[in-house]
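Just follow the structure's listing: the first ligand is 1, and inside any ligand the first atom is 1. Please read all numbers here as calculations on a predicted model, not as lab measurements.
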Amino acid sequence: MDRIYLGVFEMFGSPSARGVSAWAHPRSDLTRFHDIGHWVELAKTLDDAGFDWLFFADSFGYPTIGGEMVDAAARYGINFPLLDPQMLLPILAASTRDLGLVVTETTGLHHPFETARRFATLDHIAGGRLGMNVVTGSVQNVVADLFGHERMREHDLRYDMAQEYLDVARRYWEQSWDDGAVIADPTSPIYVDPAKLHRIEHDGTFYRSSGYLTVDPSPQRTPVIFQAGSSGRGKEFAAANADCVLLQSSAAEQMAANIADIRARAAAHGRDPRSVKVVATQSFFVAEDAEDARALQREFRDMQTVEVAAAMFVSNTGIDLLSLDPGKPLSQIPLDDVVGQMGQSNIDRFVGPDGAGPTVGEILEQLRVRGIRGSQIVGTPTAVADQIEEFLEATDLDGLMVDPLFGAEDVRDFARLVMPELRRRGRLGERGTQRTLRDQLFSEAPATIGTP
Ligand SMILES: Cc1cc2nc3c(=O)[nH]c(=O)nc-3n(C[C@H](O)[C@H](O)[C@H](O)COP(=O)(O)O)c2cc1C
């Protein structure tokens, strides 16, 4: 039986994320994000329970319409405020032993050398447990304003830039230092053997860089690369570069087709399609008693509003659903130039072939109860474990990333109730191995990929 890989999705701030809002519920601790003790406690819980990684999403943008922040973003705390999760990593690394630590890096804003240096440093600090979620970035219209770009870079151009950016960073990580370059021998005394250093020269379309990586090789050299864009271009980028592809949960059939497409694209890049782990976010309402689990889901649903869902959707796509005719399918509505240049996946999801697909009103209602993430699994620990196994079997997913809707209590319940059941079924990995994240995810190191 295949092992199930498990992560947890978090943001450093943003009381309302993923198009839902539950921070005002008494169960929630989503406003405790300034408290470093909160994060240390959470990371330790994950480490002890045997989760494979803790994931931090990140974004520079907030929902806007016509260049102005929508009131709902501030009022409900939607991707706002959002602190820098890379700053959290060192303390979480020091508080944990096996847990992978995955953090998002938005491409197009930093020079690849600077990124190579920062992530090599973080991988040293994390003892080789670092993952890097490479995104071209949501809410690019805001990013353009904040960073003073003349205009928003187009969707596919951002991926072209991301490819070159990652290629340059990877060359610094993999080629600038030979193994064994650090001698550190006090008797010689030689610290680094200059013959084992190599100058990187890059003169490309978007970046120029030449010199040596100023950080010696970290345990993984290249962090485990995660990728989450699921537009056609996003999938192509993932197929060429990612060790682990993240998807948002959707109906099993749609997800199975999406995963088959990602694996086929990986094969077309000369990779073993099984060497790409595909993982989807998933929310849970779990309790010893099925009725308690359903009651929790009802309480959650009763709190949701179309304003929050619409604000999240506008920030992902540029489309203000509240301004459109609720009776029409999205595909029949003429959309302006910005749309489609921000994020594609959440549009594709609702645009069926031949102008079919749900109406704007139906989309809003779907988003209201589920956020941008799709399905929720509800029930007793055994029922939840059954549903997880069935879903993975039907879709060919390698694992799930728990998306806690109320906060840490959801993660603790999952760890306390569901993980022992999955462990009993032989579906979880060994604990306490103190391996690098790459070794934890791939018992054999995957073939080097995307080498420039
Ligand atoms: C699990 C998951 C996590 C994501 N995390 C981020 C993130 O941290 N920052 C971000 O800008 N986009 C993130 N995204 C991706 C965006 O939703 C969006 O798809 C992407 O930035 C636009 O690329 P696309 O058009 O190829 O989908 C995430 C998506 C998923 C499914």
Side chain, backbone, both or neither: the part of Leu247 lying under 4.0 Å from ligand 1 by heavy atom
backbone
At a non-hydrogen distance cut-off of under 4.0 Å, which region of Ser59 contacts ligand 1 (side chain, backbone, both, or neither)?
neither
Atom indices of ligand 1 within 4.0 angstrom of [X] heavy atoms, with elements:
X: His155; result: 24 (P), 25 (O), 26 (O)
X: Thr281; result: 1 (C)
X: Gly234; result: 26 (O)
X: Tyr159; result: 23 (O), 24 (P), 26 (O)
X: Ala228; result: 2 (C), 3 (C), 4 (C), 14 (N), 28 (C), 29 (C), 30 (C)
X: Ser231; result: 24 (P), 25 (O), 26 (O), 27 (O)

If you take the nearest heavy atom of each of Thr104, Val143, Asp58, which one is closest to atom 9 (N) of ligand 1?
Asp58
Closest to atom 5 (N) of ligand 1 among Val245, Asn133, Leu246 (heavy-atom distance)
Asn133
Above 12 or not: heavy atoms from other molecules or residues under 6.0 Å from CG of Leu146?
yes
Given Asp403 and Gln248, is the side chain to side chain donor-acceptor pair (under 3.5 Å) satisfied, shown in steps?
CA-CA 10 Å; Asp403 199 351; Gln248 56 196 11; over 6 Å; no
Gly137 near ligand 1 by a heavy-atom separation under 4.0 Å:
yes
Using 30° and 60° as the class boundaries, would you call the ring planes of [X] and [Y] parallel, tilted or perpendicular?
X: Trp53; Y: Phe226; result: perpendicular
X: Phe147; Y: His149; result: tilted
X: Trp173; Y: Phe119; result: perpendicular

Does the distance from a Lys or Arg side-chain N to an Asp or Glu carboxylate O, for Asp243 and Arg438, drop under 4.0 Å?
yes
Is there a salt bridge (Lys or Arg N to Asp or Glu O under 4.0 Å) between Arg129 and Asp47? Walk through the geometry before answering.
CA-CA 12 Å; Arg129 291 182 283 135; Asp47 206 22; 5.3 Å; no
Any donor-acceptor pair under 3.5 Å linking the side chain of Gln140 with the backbone of His155?
no
